[in-house]
Amino acid sequence: MNVIIVAGTPGAGKTAVLLHVLKHLKEQNKHISAVKIDCLYTEDHLRFQKEGVPTLLGLSKDMCPDHFTIFNLGEMLEYAQGNNSDILIVETAGLCHRCAPYTINSLGVCVIDATTGPNTPLKVGPFLSTANVVAITKGDIISQAEREIFRERVLEMNPGCRIIETNGLTGKGTVELAGCFSEASDFSYEEEELRHNAPFSICTLCVGETKIHKKNHRGVLRHINGIQEYAGE
Amino acid sequence: MINSISILAGKNKNGLKEHFNRIDISRGEIVGIVGPTGSGKSALVEDIEQLAQSDTSTQRKVLINNSIPDPELRYNPKKKLIAQLSQNMNFIADMSVKDFLILHSKCRGKNLNLVDKVIYHANQLTGEPIKKEMNLTVLSGGQSRSLMVADVAFVSDSPVVLIDEIENAGIKKHEAMQLLSGNGKIVLVVTHDPLLALLTQRRIVMENGGIKKIFGTTEEERSLCKQLYQVDKELFKVREMVRSGVEVKASFSFQESFTSDFQPVLED
Ligand SMILES: Nc1nc2c(ncn2[C@@H]2O[C@H](COP(=O)(O)OP(=O)(O)O)[C@@H](O)[C@H]2O)c(=O)[nH]1
Ligand SMILES: [Mg+2]
């Protein structure tokens with residue numbers, strides 16, 4: 001099975017681009033299952049289902065949505081196997097710039113919105129820098145020059161990636177993107193590892209502390225001046 | 001070196017084959033793209049910009065010098081043969097004009113000292129001077145478009161130029177066309193402006209997402225174009241007078257200038 005993990009900030013165009021990709025893959029008679037992960041609410045799964053793609057919805061609620069994605073990959077695979085799918089596509093919530101839920105043999109696809117400006121690629125972290133494919137969206141709204149600068153910045157952060165200029169409205173680039181999906185490596189749940197470890201700073205806020213005063217906090221903590229400390233036992 | 005680009009027919013919005021087999025456009029040619037809003041003009045320009053290989057929604061194919069282009073030409077800005085002036089009226093990148101031009105020159109593998117030249121030529125197209133310390137996002141529509149034109153002309157400087165409507169920007173469109181064309185460049189220009197459409201050698205007529213027909217500009221259209229050009233020049237002058245708050249004199253008439261300094265911009 002090919003596992004495709006699609007990450008990118010909310011509104012970047014993940015769903016819009018995937019809907020085009022799904023159409024192309026169906027034309028090639030591929031059997032696909034999809035999973036949409038979000039935190040509290042989404043309707044994206046209904047849009048995938050409307051395309052005739054069996055889709056599982058997962059809401060992470062209190063858990064970090066990327067950790068939730070990783071933790072539940074086994075169930076997702078079972079779901080896709082139950083549907084006799086060749087390809088499993090996971091659209092993540094994409095909220096965090098520190099996590100990247102790509103595993104070694106999944107195809108990591110980063111969807112990134114070109115209208116957020118040429119500094120965005122420098123800000124978004126591992127979900128861009130460890131992706132196999134970077135789908136740049138919304139190039140229709142900016143000049144060719146700005147698109148070229150954006151592209152260069154993406155390459156600075158991830159020199160080995162394959163960049164595809166896509167458009168969620170017109171479907172530009174989505175035939176090429178669909179082509180990448182069938183080229184992903186074979187996924188093996190038992191052996192699979194993350195490409196980039198999840199951040200290891202855990203503090204009292206992570207476990208529910210609501211008081212804000214510094215004296216109440218323990219764990220791996222970082223001060224605004226950049227000094228990191230461990231407070232606790 | 002590009003001697004020709006060719007467009008091979010795809011499908012219109014109803015999935016029917018377009019009404020042509022193949023269009024070949026050769027070096028130095030200026031071709032218009034006309035048709036109502038939503039007829040597929042921008043999609044055609046996009047197909048050429050991407051060097052489509054039956055992999056866009058229109059299924060068209062684009063050839064360069066009669067053959068399928070090397071995929072690298074599609075993606076690598078340092079090798080790109082196509083410059084595009086799209087419909088965008090404003091920049092969104094938050095940086096100075098100077099930084100923008102330097103960065104773009106780097107992307108295109110060009111000399112970094114183009115900044116002053118680009119700004120100089122941009123300023124010939126707009127009444128409101130652009131300065132290199134200005135931030136891109138504060139430029140007016142006219143300034144932005146002028147800078148985009150000059151950037152396409154000198155930084156992107158490619159053998160094929162695609163222009164998606166130049167007339168709505170409040171800039172000097174003939175001077176802009178002159179800057180963007182010439183030197184054997186192939187130019188495709190989407191336009192609603194009759195004058196620009198008649199200045200081209202051929203025009204592609206779009207309908208319902210497909211190419212409906214292609215025809216060459218007739219002699220009659222050419223001479224009409226010359227007259228329209230004069231009218232347009234006068235209109236520009238009157239507009240500038242109104243804008244700058246001076247009275248437009250009745251003695252100011254078309255007649256006298258019909259005979260004087262007649263020079264359609266794109267005639268060679
Ligand atoms: N102009 C433009 N809009 C786009 C493009 N891709 C997506 N959108 C729009 O951006 C919005 C967010 O897209 P969506 O796919 O829901 O983003 P997601 O949260 O990443 O799944 C929608 O209104 C889309 O129609 C694009 O390439 N160009
Ligand atoms: Mg979505």
Side-chain angles (χ1 to χ4, degrees), chain A residues 16-17 19-21 23-25 27-28 112-123 133-156 159-182, chain B residues 40 42-43 45-47 49-50 52-59 71 74-78 80 82-95 97 99-110 118 136-137 144-145 147-152 154-156 158 161-164 209:
Chain A
V17 165
L19 287 171
H20 287 282
V21 170
K23 269 190 208 123
H24 301 312
L25 290 172
E27 279 163 18
Q28 299 162 23
I112 188 167
D113 173 349
T115 67
T116 54
N119 288 331
T120 301
L122 312 178
K123 294 184 211 164
V133 177
V134 178
I136 303 179
T137 55
K138 307 195 191 180
D140 55 315
I141 305 179
I142 57 174
S143 61
Q144 187 190 38
E146 287 168 291
R147 284 204 297 279
E148 289 172 1
I149 292 172
F150 195 88
R151 189 178 189 285
E152 197 78 4
R153 285 278 163 86
V154 167
L155 284 175
E156 271 172 38
C161 73
R162 172 158 177 188
I163 294 181
I164 304 179
E165 290 194 17
T166 53
N167 185 313
L169 304 181
T170 63
K172 171 180 178 178
T174 55
V175 171
E176 193 187 340
L177 186 57
C180 300
F181 282 22
S182 340
Chain B
S42 296
V45 167
E46 281 277 319
D47 282 345
E49 204 256 344
Q50 293 172 68
Q53 297 304 323
S54 308
D55 54 2
T56 64
S57 56
T58 64
Q59 305 271 309
R74 299 179 76 173
Y75 313 118
N76 185 346
K78 292 191 178 63
K80 244 186 188 166
I82 296 177
Q84 181 189 20
L85 184 70
S86 47
Q87 273 175 315
N88 328 92
M89 301 293 282
N90 289 295
F91 286 102
I92 58 147
D94 190 7
M95 56 176 78
V97 170
D99 290 347
F100 161 72
L101 290 172
I102 290 177
L103 263 175
H104 192 215
S105 303
K106 270 190 201 155
C107 292
R108 280 270 178 170
K110 291 282 159 62
V118 173
L136 286 181
T137 52
S144 301
R145 284 299 272 184
L147 186 62
M148 286 178 196
V149 169
D151 173 74
V152 166
F154 298 105
V155 181
S156 303
S158 310
V161 183
L162 307 172
I163 303 168
D164 204 343

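Just so it is clear: chains get the letters A, B, ... in the order the sequence lines come, proteins before strands, and each one is counted from 1. What you see is a predicted model, and the numbers here were worked out from it, not measured in a lab.
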Item to check | For A/D140 against B/N88, the heavy-atom pair lying closest together | outcome: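 Heavy atoms of A/D140 and B/N88 come nearest at O-ND2, 3.0 Å.
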Checklist entry - Which heavy-atom pair separates A/E148 from B/C107 by the least distance, and what is that distance? => result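 Of all heavy-atom pairs spanning A/E148 and B/C107, the closest is O-SG, 3.5 Å.
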Checklist entry - Hey, are B/E49 and A/R147 close enough for a salt bridge, meaning a charged N less than 4.0 Å from a carboxylate O? => result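 A salt bridge links B/E49 with A/R147.
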Next on the checklist: Taking every non-hydrogen pair under 4.5 Å, which of B/S86, B/S57, B/A52, B/A83 racks up the most with chain A?
Outcome noted: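 Highest number of heavy-atom pairs under 4.5 Å: B/A83.
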Item to check | Option that, when pairs with chain A are counted at under 4.5 Å, heavy atom only, ranks first among B/M89, B/R74, B/K106, B/K80 | outcome: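 Winner by heavy-atom pair count: B/K80.
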Item to check | A/E146 side chain to B/I92 backbone, donor-acceptor under 3.5 Å | outcome: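 Side chain of A/E146 to backbone of B/I92: a pair is present.
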Checklist entry - Checking B/Q84 side chain against A/Q144 main chain: does a donor-acceptor pair fall under 3.5 Å? => result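 Such a contact is absent between B/Q84 side chain and A/Q144 backbone.
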Next on the checklist: Under 4.5 Å from any heavy atom of chain B, what part of A/T170 do you find: side chain, backbone, both or neither?
Outcome noted: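 Contact with chain B: backbone only.
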Next on the checklist: Can you tell me which portion of A/R153 sits under 4.5 Å from chain B's heavy atoms? Options are side chain, backbone, both or neither.
Outcome noted: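 It is the side chain, since no backbone atom gets that close.
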Next on the checklist: Is there a side-chain contact between B/E46 and A/K172 in this structure, where contact means two heavy atoms from C-beta onward sitting under 4.5 Å apart?
Outcome noted: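 They are in contact (side-chain heavy atoms under 4.5 Å apart), so the answer is yes.
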Next on the checklist: Would you compute the distance between atom OG1 of A/T174 and atom CG of B/D55 and round it to the nearest 0.5 angstrom?
Outcome noted: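 Separation between the atoms: 9.5 Å.
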Checklist entry - Rounded to the nearest 0.5 Å, how far apart are CD1 of A/I149 and CG of B/L101? => result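 Between A/I149 CD1 and B/L101 CG, I get 8.5 Å after rounding to 0.5 Å.
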Item to check | Top of A/P118, A/A114, A/G171, A/G117 for chain B proximity - count of heavy-atom pairs under 4.5 angstrom | outcome: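 Between A/P118, A/A114, A/G171, A/G117, the count favours A/P118.
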